[in-house]
Enquirer: 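One structure follows; several queries about it will come next.
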There are 2 protein chains.
Amino acid sequence: MKAFSAETVYALRALLYLAGRRDGESYLSIRKISEELEISFHFLTKILQMLTQKGILTSSRGPAGGVRFFRAPDKVSVIEVIHVFEGNDYFTTCMMGLPGCSDKAPCPVHDLWKEVRTAMKSRLEDVTLAEMGTRTMLERLRLSP
Amino acid sequence: MKAFSAETVYALRALLYLAGRRDGESYLSIRKISEELEISFHFLTKILQMLTQKGILTSSRGPAGGVRFFRAPDKVSVIEVIHVFEGNDYFTTCMMGLPGCSDKAPCPVHDLWKEVRTAMKSRLEDVTLAEMGTRTMLERLRLSP
DNA sequence: TTTATTTGAGATAAATTACTCCGAAATAGT
DNA sequence: ACTATTTCGGAGTAATTTATCTCAAATAAA
């Protein structure tokens, strides 16, 4: 079950890593994050650039530069990150890809699929990066292979 | 939310179309199915060949040939079709793609994700192609754009 | 002011997925 | 036997996703 693209997954891993740090004020270099999480530096750079453009991170160039949260991580839900890379209609699309599939003109799995994605969305939309980040740190949950 | 590959989706649509027919005994040509569902003929051919190899369909060449169910459609669950094209570990893989992610060495979304995919699996494993096919026919649910 | 370091941005390449094409093999009907 | 039709099987192409490379722009520190 590959529900998310590599971009989304790498973004979440990087953000949870950032959110789990003690010092949230200072910039952390993308190089460092990429090494820590074993993600391609250049690819991760593109992804974090996107998060900067979307107002989730802010960045600084030059020595001692890097990225940090723009908004506090307790103001960013996991859902928001998903929407950045998967699009805003992620939790409303038809499983069969039929255009115009809706309650009025449903496909055979419409109701079932609606339940599944609604449950998933409601589970993801209240949990913030801060909550998940601190839990990740405290329980030493895995972020890399 | 693109949970399944094009192959899986096309397979399901074709199977539900077959399962919704009155006459389940006769062969139906792939050409006919592809036109009815507006799916590429050659691509659908490959997909239905796979279902034939996996013992879900059986086929006949030549004039009046085509495909039909090998096992009765009330003996085939939707889950089985998904496993053919997505692999058998579809409902057990880590959302973050971390190798070895498990209850013992969990990633940050392990528990949440486990719930989601387990709920999804249990919803899909009892529903058969027959049930869904007849419902599709009776309620005139959509199978094509 | 120079240098080393770091993100920004866009081109390019590799890998995967989606789709197409072609000829061979089978088979029903004439 | 011949012909038209249909699946089979494999190779080839296109599109998308994932990853890499290069250089410019910014900036902190010497």
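Residue numbers begin at 1 in each chain, while the letters A, B, ... track the order of the sequences. Just so it is clear, the structure is predicted and the values come from calculations on it, not from any experiment.
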Enquirer: Could you list the donor-acceptor pairs under 3.5 angstrom formed between side-chain atoms of residues 86-114 of chain B and any protein atom two or more places apart in sequence or on another chain?
Expert:
residue: B:Glu86; atom: OE2; partner: B:Ser5; partner atom: N; Å: 2.9
residue: B:Glu86; atom: OE2; partner: B:Ser5; partner atom: OG; Å: 3.0
residue: B:Glu86; atom: OE2; partner: B:Thr8; partner atom: OG1; Å: 2.6
residue: B:Tyr90; atom: OH; partner: B:Ala3; partner atom: O; Å: 2.5
residue: B:Thr92; atom: OG1; partner: B:Asp89; partner atom: O; Å: 3.0
residue: B:Thr93; atom: OG1; partner: A:Met1; partner atom: N; Å: 3.0
residue: B:Thr93; atom: OG1; partner: A:Met1; partner atom: O; Å: 3.4
residue: B:Ser102; atom: OG; partner: B:Lys104; partner atom: N; Å: 3.4
residue: B:Ser102; atom: OG; partner: B:Ala105; partner atom: N; Å: 3.2
residue: B:Asp103; atom: OD1; partner: B:His110; partner atom: NE2; Å: 2.7
residue: B:Asp103; atom: OD1; partner: B:Lys114; partner atom: NZ; Å: 3.1
residue: B:Asp103; atom: OD2; partner: B:Lys114; partner atom: NZ; Å: 2.9
residue: B:His110; atom: NE2; partner: B:Asp103; partner atom: N; Å: 3.4

Enquirer: Please list, in numerical order, the residues of residues 4-30 of chain A that have a heavy atom closer than 4.0 Å to any atom of DNA chain D.
Expert: A:Ser5, A:Ala6, A:Tyr10
Enquirer: Minimum heavy-atom separation for A:Ser34 to A:Arg31, with atom names?
Expert: OG-O, 2.8 Å
Enquirer: Output the rounded distance in Å from CZ (B:Phe41) to P (D:dC8).
Expert: 10 Å
Enquirer: Can you pull out how bent the helix from C:dT1-D:dA30 to C:dT30-D:dA1 is, comparing the axes over its first five and last five pairs, to 10°?
Expert: 0°
Enquirer: Of the non-hydrogen atoms in B:Arg21 and B:Asp23, which two are nearest, and what is the gap between them?
Expert: NH2-O, 2.7 Å
Enquirer: Check whether more than 12 heavy atoms from other residues, nucleotides or ligands sit under 6.0 Å from atom OH of A:Tyr27, and answer yes or no.
Expert: yes
Enquirer: List the steps, then state whether salt bridge (charged side-chain N to carboxylate O under 4.0 Å, His left out) holds for B:Glu25 with B:Arg68.
Expert: CA-CA 7 Å; B:Glu25 301 301 304; B:Arg68 61 172 168 78; 5.9 Å; no
Enquirer: Give every residue pair that meets the side-chain hydrogen bond (donor to acceptor under 3.5 Å, both in side chains) criterion with at least one member in residues 128-139 of chain B, sequence neighbours excluded.
Expert: B:Arg135-B:Glu139
Enquirer: List in chain and number order the residues that pass salt bridge (charged side-chain N to carboxylate O under 4.0 Å, His left out) with A:Glu7, two or more places apart in sequence or in another chain; answer none if no residue qualifies.
Expert: none
Enquirer: Send over the distance from B:Phe43 CZ to C:dT20 P, rounded to a whole Å.
Expert: 9 Å
Enquirer: Which of these nucleotides, D:dT7, C:dA18, C:dG8, is closest to any side-chain atom of B:Ser59?
Expert: D:dT7
Enquirer: Rounded to the Å, how far apart are A:Met50 CE and C:dT7 P?
Expert: 17 Å
Enquirer: Could you give the CG-to-P distance, from A:Leu44 to C:dG8, as a whole number of Å?
Expert: 11 Å
Enquirer: Counting neighbours of CD on A:Glu38 that are heavy atoms of other residues, nucleotides or ligands and sit closer than 6.0 Å, is the number greater than 12?
Expert: yes
Enquirer: Taking the side chain as every heavy atom from C-beta outward, state whether B:Ile33 and B:Val67 have any pair of such atoms under 4.5 Å apart.
Expert: yes
Enquirer: If I take atom CD1 in residue A:Ile47 and atom P in nucleotide C:dA9, what distance separates them, rounded to the nearest angstrom?
Expert: 16 Å
Enquirer: Could you give the CD-to-P distance, from B:Gln49 to D:dT7, as a whole number of Å?
Expert: 9 Å
Enquirer: Using a cut-off of 6.0 Å, state whether more than 12 heavy atoms not belonging to B:Met137 lie near its atom CE.
Expert: yes
Enquirer: A:Gln53 side chain N/O closer than 4.0 Å to the phosphate oxygens (OP1, OP2) of C:dA9?
Expert: yes
Enquirer: Between A:Val67 and B:Lys2, which is nearer to the 5' end of DNA chain C once each is assigned its nearest nucleotide?
Expert: A:Val67
Enquirer: Round to a whole Å and report the spacing from NZ of A:Lys46 to P of D:dT17.
Expert: 11 Å
Enquirer: Taking atom C1' of C:dG8 as reference, at what distance in whole Å does atom CZ of A:Arg31 sit?
Expert: 15 Å
Enquirer: If the test is salt bridge (Lys or Arg N to Asp or Glu O under 4.0 Å), which one of B:Lys54, B:Lys75, B:Arg71 qualifies with B:Glu80?
Expert: B:Arg71
Enquirer: What does nucleotides 22-30 of chain D look like as a protein-contact string, B for base, S for sugar-phosphate only, - for none, at under 4.0 angstrom between heavy atoms?
Expert: B--BBBB--
